[in-house]
Engineer: 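Okay, here's the structure, questions in a sec.
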Amino acid sequence: MRSLLAPLSLLTVALSPAAAAQDARPSQTASSPDGSLVLTVTTDTDQRPTWSLSRKGKLLIAPSKLGFLLTDGVGLQRGFAIEGAEKASADSQWELPWGERRFVRDRHNELLVRFRQHESWGGHAINVRFRLFDDGIGFRYELPEQAGLKTAKIADEITEFDIAPEGTAWWIAGGEWNRYEQMYQKTPIDAVATAHTPITMRLADGTHLAFHEAALVDYSGMWLKRVEGRKFRATLAPSSRGARVIRDLPFNTPWRTIRIADGAAGLVESDLELNLNEPNKLGNVSWVKPMKYIGIWWGMIRGPWSWAEGPNHGATTERTKQYIDFAAKHGFGGVLVEGWNKGWNSNWFGHGHEYSFTEAYPDFDLNAVTDYARKKGVTLIGHHETGGNIAVYEAQLDDAMKLYGRLGVKAVKTGYVADAGGIIAPGDTPGETRMEWHDGQRQVQHHLKVVQTAAKYKVAVNPHEPVKDTGLRRTYPNWVAREGARGMEYNAWSDFGSGPDHEPTLVYTRMLSGPMDYTPGVLGLEGSNKAPFASTLAKQLGLYLAIYSPIQMAADFIESLEAHPRELEFIKAVPADWAESKLIAGEVGDYAIFARKDRGSADWYVGGVNDATERTLTLSFDFLDAGKSYTATVWKDGEGATYLTDARHRIAYETIKVKKGDTYKLWLAPGGGAAIRLHPGK
Ligand code: NOJ
Ligand code: CA
């Protein structure tokens, strides 16, 4: 079957009249450095710009349109011809100040195609810059300065992705209630509706794809809308202003990206979007410190504490000092405190106008707490929940960040809890407000403004209910993590909250975009009203390796962490900053085992998460440094462990000696996981 498909699809293209006619029109081609990807850019019979892509000789993306719809009727779709093209290539290496790996290689070939419209169509110019890597492609529109088009009022993009082969997709719906916090759907590609990116696909021949975007700056987030069959079109998050994007020329759009790999590991290990972002604009960012943290948080999410004032108020001075003591004793870098500031007293959801970001509740002494933390070598992690009201937040933003900067608060978690489309943004006249989308142009501008303001005061930012990550941490390394998917909190709210498949799906979908503040480490495995987790105890440890963040929480109550001393030992040891990361075993939605090397030592860590199906893996330690013997300390599912019953608490420990090339048999329970620390010598 496999061998038949390729010639068949190529044949279809060769015989179609449109394609035959196309051959006569000027086209431009480029290939990836290893030659596996071949891009063709041309125009169709209606003189619309098109692009197509093949991989290893097989058609991957059939001819797909490029262009824009503008609200003022200027047409940027038809009447184009290729006016010129330029080629370039690059091979360089750059360094991440923190991350899954230290060095990133950027090796690509570039093709810039200049399209010009016939005068009768308006005579406009659009340039499209393509970059081809061995593991995927990115392209963006560049609208140069030109007469007759000062401001582009973009109604929508018409960028198409017509996926030639059949396959399976993992996706969440774009523009729907609950933003990105949905369970992933697994469907045939031709059953996807409108999806957020990253959207991950596995084709019938095993090729893995992930569609996303890079460098989303001053533009609306892109959703992928299936048009027919396996043809998708970009559609932008809407705006209350009518046009989904308004930009003065010249400007560049974000890059539209596709990671392409033979298997799941190639997808997960790709740095495609990071490579398409601008280098660090903040200079020396040694003040951005990877760390693990605890928080006054699970007690509100799960109860019995409250964000609001009252007898159960979580954020008291006394409790915060107790948490700081625990952090100092166990080497946690930070303590998150939510509900410290005025504004939580009514039903806080949707009450963003009530928040103050500088005034504390009377039972929380901000100065005393930050003094205490500083003396103990711990930072407070600040919290700004906006309820989606960015009009109120932006008015206080500089004061709020300045205050945290002055008090030595090194990171702030922000929040935008509001229904999809529920962002309240300043309007055009004083006092007027507008409704915007969580990933519309206005909110995209807002997030960057927060990150830049925080950077002025050397504060790192971790937004919840964010806009998706598109690799901007390269340019702004104080943008350390974000939520942007169903996090741990959902396990507090119902039995088996997000289910056993969720985390092994996140690894291959949401996590392709960048670090996530998932908040692992709930060792009690219990939500509100004793709601059971779809997780074994070992899986809570495996999450530290499966779901990367430079700020990793140990989310449980400190009493629960202390009640699990051997698990706490692992959480204390596991780094939040890596020299190298590899997926050593895994399949999309099923399981994921990583090997990661500490940046600060010669230690390796191995571990990850499983779905509902128990399995035994034979892990190969061929990634270890040669000539060294390692002591491997293992935390793994205990005999008979399963997420389905109280046996989820069963864990087993083992200490063995291993060296490069050894193998290790690892049983993963239903809903299970594992974590291994490999230390050279004893
Ligand atoms: C939702 C966030 O995901 C959660 O972490 C936070 O505690 C609440 N909003 C309140 O800000
Ligand atoms: Ca959330």
Side-chain angles (χ1 to χ4, degrees), residues 172 176-183 196 293-309 312-315 320 323 334-357 361 364 380-390 392-393 400 411-420 422-423 438-439 443 447 450 461-469 480-494 497-498 502-503 506 510 513 515-522 527-528 547 549 551-557:
I172 52 172
E176 280 305 318
W177 187 76
N178 238 5
R179 309 160 304 266
Y180 304 102
E181 296 175 23
Q182 308 166 32
M183 294 298 292
H196 276 301
Y293 72 99
I294 54 170
I296 296 178
W297 179 72
W298 188 241
M300 284 89 90
I301 290 292
R302 194 207 90 149
W305 304 342
S306 65
W307 282 279
E309 285 177 299
N312 294 325
H313 188 207
T320 307
Y323 269 65
V335 175
L336 166 71
V337 184
E338 296 198 6
W340 67 275
N341 57 319
K342 290 184 180 165
W344 295 86
N345 284 7
S346 33
N347 174 9
W348 58 268
F349 184 101
H351 281 70
H353 56 282
E354 292 176 19
Y355 288 115
S356 163
F357 299 99
Y361 278 133
F364 183 80
L380 194 78
I381 297 185
H383 188 234
H384 292 161
E385 174 57 60
T386 68
N389 193 322
I390 65 168
V392 167
Y393 186 36
V412 57
K413 169 177 169 180
T414 59
Y416 298 88
V417 176
D419 290 329
I423 296 295
H438 276 77
D439 50 353
Q443 185 67 345
H447 281 288
V450 172
V461 183
N462 167 28
H464 277 228
E465 301 75 44
V467 64
K468 64 187 172 184
D469 197 340
V480 285
R482 69 191 87 196
E483 189 193 42
R486 279 168 84 97
M488 180 64 80
E489 60 193 15
Y490 281 81
N491 294 318
W493 302 328
S494 61
S498 298
H502 181 57
E503 290 124 340
L506 281 183
R510 158 67 183 83
S513 71
M516 177 174 179
D517 188 35
Y518 185 74
T519 73
V522 178
S528 312
I547 298 194
S549 173
I551 53 161
Q552 281 286 25
M553 191 174 197
D556 213 343
F557 294 102

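Remember, it's 1-based here, ligands and their atoms both numbered in the order they're listed.
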Engineer: Measure the distance from atom 9 (N) of ligand 1 to every protein heavy atom, then report the residue, atom name and distance (to 0.1 Å) of the closest one.
Structural biologist: Val417 CG2, 3.3 Å
Engineer: Which residue holds the protein heavy atom closest to atom 4 (C) of ligand 1, what is that atom called, and what is the gap in Å?
Structural biologist: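 Ranked first by proximity to atom 4 (C) of ligand 1 is Glu489 OE1, 3.1 Å.
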Engineer: Quick one: report the N, O or S atom of Glu465 that is nearest to the Ca ion (ligand 2).
Structural biologist: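 This turns out to be OE2.
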Engineer: Counting non-hydrogen protein atoms only, what is the nearest one to atom 1 (C) of ligand 1? Give residue, atom name and distance.
Structural biologist: Glu465 OE2, 3.2 Å
Engineer: I would like to know whether Tyr393 and Tyr355 meet side chain to side chain contact (heavy atoms under 4.5 Å, CB included); could you show each step before the answer?
Structural biologist: CA-CA 8 Å; Tyr393 186 36; Tyr355 288 115; over 6 Å; no
Engineer: Heavy atoms only: which of His383, Glu483, Lys413 lies closest to atom 5 (O) of ligand 1?
Structural biologist: Lys413
Engineer: Can you label the angle between the Phe557 ring and the Trp305 ring as parallel, tilted or perpendicular, going by 30° and 60°?
Structural biologist: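 Answer is perpendicular, since the angle exceeds 60°.
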Engineer: Of all the heavy-atom pairs spanning Ala308 and His313, show the shortest one and how long it is.
Structural biologist: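 It is O-CD2, 3.2 Å.
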Engineer: Ignoring hydrogens, what is the shortest heavy-atom contact between Trp297 and Ala555? Give both atom names and the distance.
Structural biologist: CZ3-CB, 3.8 Å
Engineer: Near Ile301, which atoms of ligand 1 are under 4.0 Å from a heavy atom of that residue?
Structural biologist: 7 (O)
Engineer: Under 4.0 Å between a side-chain nitrogen and a carboxylate oxygen: does that hold for Glu338 and Lys413?
Structural biologist: yes
Engineer: Does the side chain of Tyr518 come under 3.5 Å of the side chain of Glu503 through a donor N or O and an acceptor N or O?
Structural biologist: yes
Engineer: What do we get for Thr519 next to ligand 1 when only non-hydrogen atoms under 4.0 Å count, side chain, backbone, both or neither?
Structural biologist: neither
Engineer: For Tyr490 and Glu181, test the side chains for any donor-to-acceptor distance below 3.5 angstrom and give the result as yes or no.
Structural biologist: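 Yes, a side-chain donor-acceptor pair sits under 3.5 Å.
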Engineer: In the protein, which heavy atom is nearest to atom 11 (O) of ligand 1, and how far is it?
Structural biologist: Glu385 OE1, 2.6 Å
Engineer: For atom 6 (C) of ligand 1, what is the closest protein heavy atom, and at what distance to 0.1 Å?
Structural biologist: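 The closest heavy atom on the protein side is Glu338 OE1, 3.4 Å.
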Engineer: Classify the contact between Trp344 and ligand 1 as side chain, backbone, both or neither, using a heavy-atom distance cut-off of under 4.0 Å.
Structural biologist: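 Side chain only.
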Engineer: Going by the order shown, which atoms of ligand 1 are within less than 4.0 Å of some heavy atom of Trp297?
Structural biologist: 4 (C), 5 (O), 6 (C), 7 (O)
Engineer: How far apart are the closest heavy atoms of Ser528 and Trp493, and which atoms are they?
Structural biologist: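 Here Ser528 and Trp493 meet closest at OG-CD1, 4.5 Å.
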Engineer: Calculate the angle formed at the Ca ion (ligand 2) by OE2 in Glu181 and OE2 in Glu489; 10° precision is enough.
Structural biologist: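 Here the angle at the metal atom is close to 120°, to 10°.
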